[in-house]
There are 2 protein chains.
Amino acid sequence: MTHPEDISPDPHKAEATYYTIEQVATRTQLTKRTLRYYEEMELLPQAERTEGNYRRYTEDDLQRILYIKSLRELLGFSLGDIRKFLQAEDEREQVRTAFLQQTDVQQKIAQLDRADELIQEQLTLVEQKINGLEQMRHQLLQRLEKHTHKRSILQNS
Amino acid sequence: MTHPEDISPDPHKAEATYYTIEQVATRTQLTKRTLRYYEEMELLPQAERTEGNYRRYTEDDLQRILYIKSLRELLGFSLGDIRKFLQAEDEREQVRTAFLQQTDVQQKIAQLDRADELIQEQLTLVEQKINGLEQMRHQLLQRLEKHTHKRSILQNS
DNA sequence: TCTAACATTGACGTTCACGTTAAAGTTGTG
DNA sequence: CACAACTTTAACGTGAACGTCAATGTTAGA
């Protein structure tokens with residue numbers, strides 16, 4: 001019997017820690033099927049492979065997967081939403097890389113502008129959700145307050 | 001002397017505004033199919049019907065539907081979750097009705113406490129989501145700020 | 001009264017987000 | 001090297017949440 005829990009990092013090869021799909025599944029609380037599915041749906045880049053075609057995940061992959069999971073579970077995004085979201089993020093990364101190699105100031109500013117556009121899109125999405133949730137929160141708090149008030153009346157009778 | 005020509009079935013009943021399923025669909029941005037489906041799934045009570053078996057929705061129905069919609073879209077609840085959620089809420093309504101008929105102050109307070117527990121559960125969920133979103137919002141805003149800073153440096157060169 | 005534009009209930013179809021199984025290949029441990 | 005335990009892709013299956021007919025009945029306005 002193997003021990004999937006046994007994932008102690010090797011201090012000698014700290015930078016080259018790879019995870020099997022099983023280990024990633026355990027760590028992220030997703031299934032192996034789901035991980036392959038996310039790759040198929042282009043939420044994840046094609047994972048690195050071993051000689052025998054086994055997927056090998058890096059720490060970065062793991063983080064991205066956890067990010068995806070939070071987008072899904074916390075924000076309730078569909079995989080389609082997430083793909084768009086991540087693509088915007090990836091494009092922003094491209095822009096950033098180009099930015100570093102650019103010498104023309106006007107070009108650099110244009111790239112910043114483009115990056116800002118992408119960020120703004122994401123921001124709008126996030127803020128819409130926050131507004132809806134805040135409204136809901138207020139309604140719930142109002143009810144609690146009303147009850148507190150009622151309670152004080154009852155206790156003073 | 002004014003004589004009402006139409007004999008209202010129940011003179012005690014207030015003059016109510018009714019909506020057709022189409023009107024509800026337009027106002028809630030849901031489809032007619034979805035409205036029938038929600039009724040079938042027992043998220044909505046059986047809607048009132050006209051003589052010809054057409055559904056007639058009340059303002060209360062409309063509010064409940066909008067509530068269901070926000071539970072789905074904002075909190076990402078499944079219809080099954082929502083059914084349970086609403087049942088808990090209906091139970092709370094029962095408690096409230098009992099509350100009004102109750103004379104024992106301790107009992108009344110106990111009922112308020114119970115209602116608060118249910119509200120608190122919902123509130124915690126909502127706040128967790130808000131926190132996750134706020135964190136995300138912060139990251140995005142920070143990036144925008146950083147870009148603004150970079151831009152000012154570029155423009156002063 | 002006529003009729004266009006609504007509504008009704010089945011019933012089958014579709015999309016999403018995976019689950020499951022099968023047939024095959026790979027890896028690590030004894 | 002043997003072999004159990006892993007992995008691969010491909011393909012079909014599934015439940016939720018509707019979409020989309022089709023056949024039929026209802027309503028409101030000219």
Ion pair check, [X] and [Y], cut-off under 4.0 Å:
| X | Y | answer |
| --- | --- | --- |
| A:E127 | B:R137 | yes |
| A:K84 | A:E121 | no |
| A:E48 | A:R55 | no |
| A:D113 | B:R151 | yes |
| A:K32 | A:E22 | yes |
| B:E39 | B:R49 | yes |

* Would you work out how much the helix from C:dT1-D:dA30 to C:dG30-D:dC1 bends between its ends, with each end axis defined by five base pairs, to 10 degrees? =>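 The end axes of the helix from C:dT1-D:dA30 to C:dG30-D:dC1 are about 10° apart, to the nearest 10°.
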* Asked: How far does CE of A:M136 sit from CD1 of B:I130, to the nearest 0.5 angstrom?
  ->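 These two atoms lie 9.5 Å from each other.
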* To do: Among the candidates C:dA7, C:dT20, C:dA17, find the nucleotide nearest to the side-chain atoms of A:R72.
  =>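 Nearest to the side-chain atoms of A:R72, counting from C-beta on, is C:dA17.
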Whole Å only: how far is the [atom1] atom of [X] from the [atom2] atom of [N]?
| X | N | atom1 | atom2 | value |
| --- | --- | --- | --- | --- |
| B:I82 | D:dA17 | CD1 | P | 8 Å |
| B:I21 | C:dC6 | CD1 | P | 14 Å |
| A:K32 | D:dT9 | NZ | C1' | 14 Å |
| A:L79 | D:dA17 | CG | P | 16 Å |
| A:L71 | C:dA17 | CG | P | 13 Å |
| B:L35 | D:dA17 | CG | C1' | 13 Å |
| B:F77 | D:dA17 | CZ | C1' | 17 Å |
| A:R33 | D:dA11 | CZ | P | 13 Å |

Is any side-chain N or O of [X] closer than 4.0 Å to OP1 or OP2 of [N]?
| X | N | result |
| --- | --- | --- |
| B:Y38 | D:dC18 | yes |
| B:T20 | C:dA7 | yes |
| B:T34 | D:dA17 | no |
| A:T31 | C:dG19 | yes |

* Asked: Quick one: are A:L86 and A:L44 in side-chain contact, heavy atoms under 4.5 Å?
  ->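 They are not in side-chain contact.
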* Asked: Tell me, which of residues 39-57 of chain A have any heavy atom that sits under 4.0 Å from an atom in DNA chain C?
  ->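 Contacts with DNA chain C under 4.0 Å: A:T50, A:E51, A:G52, A:Y54.
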* **Quiz item: B:R36 side-chain donor-acceptor pair to C:dT8 base, under 3.5 Å** =>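 Check fails, no donor-acceptor contact within cut-off.
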* Hey, what's the ring geometry for B:F85 with B:Y67, parallel, tilted or perpendicular (30° and 60° as the breaks)? ->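 The rings of B:F85 and B:Y67 sit tilted, inter-plane angle from 30° to 60°.
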